[in-house]
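Input: a single structure, listed below in structure tokens.
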Amino acid sequence: MKKQGCEIEAVGIDYKIYRQKRQNPFKIFNKDHQEVVDQELQQQQNPSSKFQQPCPGAGIRYVLKEVNCKAKPWEILAIVGPSGAGKSSLLENLAGKLTPQSGSIFINQTPVDKALFRKISGYVTQNDTLFPLPTVEETLTFSAKLRLRLPQAQLSVRVKSLIQELGLEHVAMARVGDDRFRGISGGERRRVSIGVDVVHDPKVLILDEPTSGLDSTSALQIIDMLRVMAETRGRTIILSIHQPGFRIVKLFSSMLLLANGSVLHQGTVEQLGADLRDMGLQLPLHVNIVEFAIESIEAIQKQRKGPVRVQELGFSDSAPSSGLGTGKFTLEQLFQQSKVVDEETVNVGIDFPRDFANSRLK
Ligand SMILES: Nc1ncnc2c1ncn2[C@@H]1O[C@H](COP(=O)(O)OP(=O)(O)OP(=O)(O)O)[C@@H](O)[C@H]1O
């Protein structure tokens with residue numbers, strides 16, 4: 001019988017940031033500078049006056065909007081989407097490093113206890129933060145000493161088995177290195193970073209862009225290693241990835257497609273392809289469906305000159321409203337928009353990217 005793992009479920013996660021008033025960096029050269037200083041002083045002395053004069057650039061921005069997702073044990077959930085979609089923010093919310101303003105996170109159907117969750121989870125950041133001079137074995141032993149209260153003999157058994165699990169036996173005695181001091185390869189260094197955070201054998205492993213900066217073969221090896229970790233130890237693995245290659249996509253159990261903080265799809269890659277086809281989109285043969293979806297979103301955003309308009313993707317500079325402003329923005333609506341963009345382009349002659357996968361301009 002399979003041992004019980006951790007099912008993580010996020011329901012209705014909203015994460016907002018508060019933008020501050022943008023200051024003019026050259027205001028000291030402005031002849032009205034004194035006037036501005038006087039106004040600020042007046043506002044400080046009488047804070048209620050702030051509400052009468054709202055700052056033009058200030059407001060709320062929804063980084064995540066009504067996000068629902070589920071990650072199961074023994075599986076890898078990949079969070080994909082264009083740059084700025086909110087992938088890292090979602091991982092940080094799931095890991096308890098950020099607190100959502102609304103929504104809930106459940107572990108095995110029970111509201112999350114952050115302190116307990118920290119003990120049973122590992123969080124691997126995007127950038128490796130390893131010391132360059134210790135060897136791989138020394139680095140993992142150091143982490144094991146910090147996280148596990150075990151006698152020396154058991155510690156070294158744990159480190160040896162971890163080195164084997166990470167496929168690092170051949171470099172166990174090599175120095176880690178960094179940009180200035182040549183050590184192990186980038187892919188091996190990433191494995192060490194993962195090892196540092198799985199030394200305590202967490203049930204849940206959250207990784208922010210574990211393949212960034214790696215060549216496609218090293219990236220594939222890392223994801224394959226994570227798949228083995230999920231399948232052999234019943235771990236729940238949640239990772240973000242910017243543009244996964246075709247072979248990598250096949251290793252994911254399910255995928256969450258994010259765009260501008262809203263979920264466009266959660267399910268298998270095959271389901272994403274089927275959904276796109278159901279919408280009447282003709283997918284080119286042998287296309288990487290995830291790349292196709294991400295490139296399409298990026299093309300729409302580019303065409304719309306920066307992030308898709310706030311009303312369209314459910315972002316709001318104020319409190320959420322109904323309709324499109326509620327964050328319910330489906331892939332269908334998104335691709336509907338792509339068709340509108342095409343037609344506008346033909347009519348007005350704006351330079352629309354011809355390499356956009358669904359472009360009729362080809
Ligand atoms: N604390 C913050 N201050 C200002 N902006 C923020 C903050 N946190 C998130 N954002 C903005 O929210 C959006 C989502 O950020 P996030 O880092 O989660 O995106 P991402 O999908 O991980 O991007 P990338 O793939 O480029 O790492 C971005 O536009 C980012 O600038």
Side-chain angles (χ1 to χ4, degrees), residues 8 10 12-23 55-69 71 76-103 105 123-129 190 193 205-214 216 219 222-223 237-245 248-249 252 255-266 288 290-302 304-318 320 327 329 331 334:
I8 302 178
I13 299 291
D14 277 352
Y15 179 66
K16 302 170 241 182
I17 51 169
Y18 299 89
R19 283 191 299 219
Q20 287 185 348
K21 179 187 170 185
R22 224 182 278 160
Q23 301 272 351
C55 308
I60 296 168
R61 181 179 164 199
Y62 280 78
V63 174
L64 296 172
K65 188 81 193 70
E66 288 178 28
V67 170
N68 298 326
C69 69
I76 297 183
L77 167 67
I79 299 173
V80 298
S83 185
K87 303 183 291 295
S88 305
S89 305
L90 177 57
L91 290 181
E92 285 175 288
N93 274 278
L94 293 175
K97 294 189 181 293
L98 293 176
T99 308
Q101 283 87 0
S102 58
I105 296 170
Y123 183 82
V124 184
T125 55
Q126 195 167 341
N127 301 314
D128 301 322
T129 49
R190 195 60 52 84
S193 290
L205 184 58
I206 298 176
L207 307 102
D208 194 1
E209 305 256 6
T211 60
S212 73
L214 300 182
S216 58
I222 294 280
I223 301 295
I237 296 191
I238 309 173
L239 57 89
S240 65
I241 190 159
H242 186 66
Q243 269 192 325
I248 287 182
V249 165
F252 298 146
M255 258 180 21
L256 183 91
L257 177 61
L258 268 186
N260 280 15
S262 292
V263 177
L264 300 188
H265 170 87
Q266 175 162 16
N288 176 345
V290 182
E291 252 177 20
F292 172 85
I294 294 172
E295 279 172 16
S296 304
I297 295 165
E298 280 173 340
I300 295 164
Q301 288 177 332
K302 208 168 158 191
R304 301 237 171 223
K305 303 213 171 34
V308 176
R309 278 202 296 266
V310 286
Q311 306 93 316
E312 288 165 356
L313 273 191
F315 284 159
S316 170
D317 273 2
S318 59
F329 191 83
L331 202 56
L334 184 72

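Start at 1 and go down the list; that is how both ligands and their atoms are numbered. Source: prediction; values computed, not measured. Values reported hereafter were calculated over all heavy atoms of this structure, with side chains retained and with hydrogens, waters and symmetry mates removed.
Under a 3.5 Å cut-off, the side chain of K87 and the backbone N or O of H242 do not form any donor-acceptor pair. A distance-only check finds no donor-acceptor pair linking the side chain of N260 to the backbone of A85 [under 3.5 Å]. In this structure a side-chain-to-backbone donor-acceptor pair under 3.5 Å is present from Q101 to K16. At least one donor-acceptor pair closer than 3.5 Å links the side chain of R190 to the backbone N or O of P210.
Listed by chain and residue number, nothing satisfies the side-chain hydrogen bond (donor to acceptor under 3.5 Å, both in side chains) test with S89 (two or more places apart in sequence, or in another chain).
The option with the heavy atom closest to atom 22 (O) of ligand 1, from among G84, P82, S88, is S88. Among I17, L98, N260, N93, the residue whose heavy atom lies nearest to atom 3 (N) of ligand 1 is I17. Residue R61 holds the heavy atom nearest to atom 11 (C) of ligand 1 of all those in R61, E92, K16, K87. In this structure, of A259, S212, S89, A85, the residue bringing a heavy atom nearest to atom 15 (O) of ligand 1 is S89.
Between L256 and C69 the shortest heavy-atom distance is CD1-CB, 3.7 Å.
For ligand 1 and E209, the ligand atoms under 4.0 Å from any heavy atom of the residue are 25 (O).
Residue contacts with ligand 1: G86 is included, with a non-hydrogen atom under 4.0 Å away.
Remark: minimum distance from atom 26 (O) of ligand 1 to any protein heavy atom is reached at S83 OG, 2.6 Å.
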